[in-house]
Amino acid sequence: MLQLLRIELYKIFKRPRTYIAFIVITAIILLLQIALKADGKEYVGMMMSGMDDSFFAPPTEVLNGYTVCFIILNLLLIHVPILVALIAGDMISGEANMGTLRLLASRPASRIELLLVKFLAATIYTLALLVWVALLALGVSILLFGTNQMVIPREFEFNIIDTGDVFWRYMAAFAFASVGLITVASLAFMLSTFVDNSIVPVVGTVCVIIIFTILTQIQIPFYDSVEPYLFTTHMLGWKGFFYVKGEEGITIDGSVENLPAVLKSGAVLLGYSLLFLGIAIWHFRRKNILS
Amino acid sequence: MKRCVVFLLMMVFVQLNLKAQTAEELILKVKAKLDKVNDYEAKGKMKMNITFIKAPIATIKVYYKKPDQLRINNEKGISLIPKGSVNINIGAILSDAGSYDIIDAGKEDKTNFRIVRLLPKDENSNVVLSTFYIDAEQGLVRKAKTTTRDNGSYELEMAYGKYAEFGLPDKVVFSFNTKDYKLPKGVTFDYDDGSKKVTDKDKTKNRKGRVEIVYSAFVINKGIPDSIFSQGSSKR
């Protein structure tokens with residue numbers, strides 16, 4: 001099994017297109033950081049627009065590494081899942097397209113083993129991409145902008161978190177984001193077991209993410225009842241670690257406003273991942289492999 | 001017996017003297033204390049209680065220079081400062097006492113503090129009306145209400161201690177009306193944990209904000225460079 005995993009990882013990381021995701025992420029993050037470094041006042045103005053009638057805050061203090069990382073992650077909401085789908089959606093269908101799937105299935109490893117190894121390889125790629133995002137978005141932002149208290153502008157609330165209370169939240173948020181991205185990977189992976197070309201699972205996953213994200217963010221009451229069932233709603237759960245409790249307006253260090261809801265979102269995402277993987281296994285076991 | 005008579009006579013004299021103080025004299029008495037201060041640097045803690053803000057207690061440094069320059073810096077974080085906070089300094093309000101009409105509005109029932117209203121003579125002045133509740137005996141402003149043209153109304157409550165001789169309080173409670181706060185969901189991409197919705201609308205409504213500053217130390221009249229007040233922002 002380990003040998004199989006090594007081979008699958010070798011295949012993933014040997015392909016030049018694997019690195020497209022890393023290059024794209026690097027370009028987006030660096031461009032955002034340069035733009036915010038050069039002229040972040042405008043963006044801070046927009047962030048503070050809900051309260052600039054009553055308060056003043058120096059933009060240079062608001063725009064620190066922690067806040068910049070939060071802004072970047074907010075803007076990468078759709079991009080990273082698309083890049084994950086690019087690889088995960090190719091795992092089975094890519095082999096079928098190249099005509100190597102039948103050869104793979106004829107090896108001593110069972111179909112379930114083969115599928116699990118491929119899924120594990122896709123998961124490792126997803127985690128590697130996330131670590132890269134974390135290093136660039138958080139690490140480079142801290143180097144460029146330094147650290148200070150973190151500002152979280154919300155729809156109806158404005159949270160400020162103490163400098164010493166931020167880092168663990170990012171670690172928790174990245175751990176949560178990995179669960180969300182694995183859900184996306186498992187969806188793309190599942191779709192790739194149904195077809196013999198890579199375009200359908202990749203485009204299909206991207207379409208699902210875009211439509212679900214619109215439904216999650218759209219403020220039409222008609223869709224309120226659907227929202228809790230969309231995995232994209234729960235993918236935003238990483239932000240829950242930055243929503244703090246307060247007592248008479250004072251932030252409580254180490255607190256999370258609604259931890260049970262965040263954990264529930266994590267469980268829902270895990271459930272979806274297992275469901276997609278289960279469907280993939282169920283289908284792949286019965287699949288008539290012709291190519 | 002003689003001593004008692006002298007003491008009673010003195011008390012009557014003091015009472016008559018206090019009653020005789022006109023509103024103008026009272027303001028001059030307050031101003032005389034404040035005029036001893038050309039500048040100060042104060043350390044303290046600032047606590048905010050505003051419906052839509054959750055923020056840690058701030059360790060602040062307050063810089064003041066005559067006539068009305070004031071800066072509040074958060075030593076370990078973001079200096080989120082209420083607009084109009086210059087009014088936390090009574091000296092700034094009274095910096096040009098000649099430009100106000102001073103009206104005696106009697107005494108407050110509960111505290112017996114003298115109520116003095118200040119009406120700016122300049123029609124275009126940002127301050128529309130200031131009302132001071134003055135402890136006539138100490139010559140200290142205990143409470144002040146200021147209505148401005150652009151930034152709403154402010155209320156100040158002050159408690160004095162070590163620096164009362166300079167008219168500087170140990171504790172200031174600054175109350176003001178906050179305006180609506182709301183950002184579009186399309187900008188914030190909020191995580192909906194399914195628990196809010198009921199209270200959200202209330203959070204956006206105009207409410208009273210409260211900022212409490214407790215000073216731990218003042219450094220008075222040691223000189224403050226003008227550059228302090230121009231760092232990163234204009235006067236607040």
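Just so it is clear, the values below take in all heavy atoms, side chains as well, and ignore hydrogens, waters and symmetry mates.
- Only the side chain of A:Asn148 comes within contact range of chain B, with heavy atoms under 4.5 Å apart.
- Neither the backbone nor the side chain of A:Phe242 comes within contact range of chain B; no heavy atoms are under 4.5 Å apart.
- In terms of non-hydrogen atom pairs under 4.5 Å with chain B, the most contact-rich of A:Gly237, A:Pro260, A:Gly246 is A:Gly237.
- The stretch residues 31-39 of chain A places none of its residues near chain B, where near means some heavy atom under 4.5 Å from a heavy atom of that chain.
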Open item on the list: For a side-chain contact (heavy atoms from CB on, under 4.5 Å) check, start with the C-alpha distance between B:Leu80 and A:Met48, then their side-chain angles and the critical distance, and finish with the verdict.
Closed with: CA-CA 11 Å; B:Leu80 185 68; A:Met48 310 285 288; 3.9 Å; yes

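- Few gaps surround NZ on B:Lys66; more than 12 heavy atoms of other groups in view lie less than 6.0 Å from it.
- Environment of CZ in B:Arg210: sparse, with no more than 12 heavy atoms of neighbouring residues, nucleotides or ligands closer than 6.0 Å.
- Remark: B:Lys36 NZ is packed, more than 12 non-hydrogen atoms of other residues, nucleotides or ligands lying under 6.0 Å away.
- Heavy-atom contacts from other residues, nucleotides or ligands closer than 6.0 Å to NZ of A:Lys264 number 12 or fewer.
- Closest approach of A:Gln149 to B:Asn74, counting heavy atoms only: OE1-ND2, 3.9 Å.
- The shortest heavy-atom contact between B:Thr188 and A:Lys239 is O-NZ, 2.8 Å.
- Within the 4.5 Å cutoff, no side-chain heavy atoms of A:Arg154 are placed close to those of B:Phe52.
- There is no contact between A:Met235 and chain B, counting heavy-atom distances below 4.5 Å.
- Nearest heavy-atom pair, A:Glu227 versus B:Asp192, reported as atom, atom and distance to 0.1 Å: OE1-OD2, 3.6 Å.
- The main-chain N or O of A:Lys245 is never found under 3.5 Å from a side-chain atom of B:Lys54 such that the two would form a donor-acceptor pair.
- When every heavy atom of A:Pro58 is checked against every heavy atom of B:Ser79, the shortest pair comes out as CD-O, 3.4 Å.
- At most 12 non-hydrogen atoms from other residues, nucleotides or ligands lie less than 6.0 angstrom from CD of A:Glu42.
- No more than 12 heavy-atom neighbours from other residues, nucleotides or ligands sit within 6.0 angstrom of CD on A:Glu247.
- We find the CE-CD1 distance between B:Met48 and A:Ile160 to be 5.5 Å, quoted to the nearest 0.5 Å.
- Using a 4.5 Å heavy-atom cutoff, the side chains of B:Ile53 and A:Phe55 are in contact.
- Heavy atoms closer than 4.5 Å to chain B are found nowhere in A:Thr147, neither backbone nor side chain.
- Every ring pair (Phe, Tyr, Trp, His ring centres under 6.0 Å) that B:Phe218 has, sequence neighbours left out, goes to B:Tyr40, B:Tyr163, B:Tyr215.
- The shortest side-chain heavy-atom distance between B:Pro56 and A:Ile250 does not fall under the 4.5 Å cut-off.
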- [ ] Might you work through the side-chain contact (heavy atoms from CB on, under 4.5 Å) test for A:Phe158 and B:Ile50, ending with a clear yes or no?
- [x] CA-CA 10 Å; A:Phe158 195 86; B:Ile50 291 133; over 6 Å; no

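- Closest of all the heavy-atom pairs between B:Ile78 and A:Val151 is CD1-CG2, 3.3 Å.
- Ring-centre distance between B:Tyr191 and A:Phe241: not below the 6.0 Å cut-off.
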